[in-house]
*Asks:* 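After the structure tokens below, expect a handful of questions from me.
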Amino acid sequence: MEIDPVLACVSLAKAQCGPPDGAALSQPGGKNDEPQLRCLRLMRELQGVSGGGGLSEGEMAADLTRAPAPVPGSTVVCGDSTDPASWADMKLPETEAVMFTSPPFYGDWRGPDVPPHLRAEASAVVATTRSGTGARGSAGASRGYCDLVVGALQAMESVAVHGTAVIEHEPGDDSTGTRLAVLSERIPRETSAEVVEVLATGDFSGAGMLSLLVCRF
């Protein structure tokens with residue numbers, strides 16, 4: 001699940017592209033292509049854009065040739081993870097669900113900075129998929145890290161009877177510091193989940209330690 005259409009297209013290409021798509025990548029594209037192939041071509045155009053990567057078309061095709069076949073039923077939803085309606089678009093088991101999420105660590109994140117024509121293409125592609133009702137909410141909405149975590153847990157609870165959530169946490173470099181203590185208080189107070197473990201994985205960036213917060217409800 002991804003609120004930004006460009007990143008949703010990247011996720012869709014990763015989840016649904018396989019070996020045959022590598023050969024198709026070099027062929028002329030069209031608006032009637034399958035969404036995952038359009039996403040793959042979008043990723044090719046993102047190469048060279050700031051932060052977009054540096055793979056050549058040949059390297060992308062070779063990578064896909066070595067890749068396993070996509071898992072049947074993989075679904076990418078372009079939507080707000082704090083909105084229960086976005087969760088309703090996903091094929092989740094009702095008895096037990098697992099979420100791994102990495103909310104933006106910094107409140108000023110506005111999504112990837114890509115050329116307007118690529119953002120327009122990404123929006124057009126997600127509109128053709130089962131997530132095509134459009135992203136709910138706004139990638140530019142300013143919400144704190146803790147609000148996003150709690151909101152996602154609340155939305156997940158609305159569609160799953162039992163669940164496990166693994167949440168990435170990194171101290172903010174915008175003077176917010178660690179939020180682990182605040183989350184440990186808010187999660188059991190505002191959701192039915194409990195924090196069962198905090199895994200410290202080591203230094204991730206100049207901001208400090210990357211931790212994984214494990215919750216269950």
Side-chain angles (χ1 to χ4, degrees), residues 1-81 83 86-87 89-91 98-106 108-141 148 152 166 168 170 204-207 210:
M1 186 184 301
E2 174 57 58
I3 194 171
D4 186 274
V6 174
L7 296 181
C9 283
V10 172
S11 296
L12 195 149
K14 288 182 175 182
Q16 298 185 6
C17 285
D21 299 298
L25 182 60
S26 60
Q27 304 300 315
K31 296 296 184 182
N32 293 325
D33 287 336
E34 291 296 319
Q36 67 268 23
L37 185 55
R38 292 177 66 184
C39 289
L40 190 61
R41 291 198 172 100
L42 176 71
M43 290 180 65
R44 178 183 58 189
E45 291 195 57
L46 284 172
Q47 303 303 304
V49 175
S50 177
L55 292 177
S56 68
E57 182 177 297
E59 288 171 324
M60 292 182 68
D63 191 38
L64 281 164
T65 300
R66 295 188 299 266
V71 177
S74 296
T75 302
V76 175
V77 172
C78 186
D80 184 345
S81 64
D83 186 343
S86 294
W87 285 86
D89 289 338
M90 303 189 75
K91 300 173 183 177
V98 177
M99 170 176 66
F100 189 102
T101 183
S102 180
F105 299 134
Y106 321 116
D108 59 352
W109 188 81
R110 294 292 183 271
D113 184 15
V114 302
H117 75 281
L118 292 182
R119 182 164 290 280
E121 168 66 4
S123 297
V125 172
V126 299
T128 67
T129 68
R130 69 185 302 272
S131 61
T133 50
R136 303 173 177 90
S138 169
L148 291 171
V166 182
E168 285 192 356
E170 179 187 337
F204 179 68
S205 71
L210 176 70

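Heavy-atom basis, side chains included; hydrogens, waters and symmetry copies ignored.
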*Asks:* So, does E59 use its side chain to make a donor-acceptor pair with the main chain of S56 at under 3.5 Å?
*Replies:*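 It does hold such a pair.
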*Asks:* So how far is it from D4 CG to R119 CZ, rounded to the nearest 0.5 Å?
*Replies:*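 With rounding to 0.5 Å, CG (D4) is 4.5 Å from CZ (R119).
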*Asks:* Write down the atom of I3, the atom of D80, and the distance for their closest heavy-atom approach.
*Replies:*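 Minimum heavy-atom contact is CD1-CB, 4.0 Å.
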*Asks:* To the nearest 0.5 Å, how far apart are CD in E45 and CG in L40?
*Replies:*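 Atom-to-atom, E45:CD and L40:CG are 11.0 Å apart.
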*Asks:* For the atom pair CD (Q47) and CZ (R44), what is the distance rounded to the nearest 0.5 Å?
*Replies:*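 These two atoms lie 10.5 Å from each other.
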*Asks:* If the condition is side chain to side chain contact (heavy atoms under 4.5 Å, CB included), which residues does S102 pass it with, not counting sequence neighbours?
*Replies:*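 If we apply the side chain to side chain contact (heavy atoms under 4.5 Å, CB included) test to S102, skipping adjacent residues, the hits are F105, E168.
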*Asks:* Would you list the atom pairs, donor with acceptor, under 3.5 Å between side chains in residues 5-19 and any protein atom, with sequence neighbours excluded?
*Replies:*
residue : atom : partner : partner atom : Å
S11     : OG   : L7      : O            : 3.1
Q16     : NE2  : S74     : O            : 3.0

*Asks:* Can you tell me how far apart CE (M1) and OG (S86) are? Round to the nearest 0.5 Å.
*Replies:*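 If we round to the nearest 0.5 Å, M1:CE and S86:OG are 5.5 Å apart.
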*Asks:* What distance separates E57 CD from L25 CG, expressed to the nearest 0.5 Å?
*Replies:*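 Rounded to the nearest 0.5 Å, the CD-CG separation comes out at 4.5 Å.
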*Asks:* Rounded to the nearest 0.5 Å, how far does CG of D113 lie from CG of L118?
*Replies:*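 Interatomic distance, L118 CG to D113 CG, rounded to 0.5 Å: 11.0 Å.
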*Asks:* Are V77 and E2 close enough that some pair of their side-chain heavy atoms sits under 4.5 Å apart?
*Replies:*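 No, their side chains stay 4.5 Å or more apart.
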*Asks:* Dump the intermediate steps for side chain to side chain contact (heavy atoms under 4.5 Å, CB included) on L46 and V114, then the final yes or no.
*Replies:* CA-CA 8 Å; L46 284 172; V114 302; 3.7 Å; yes
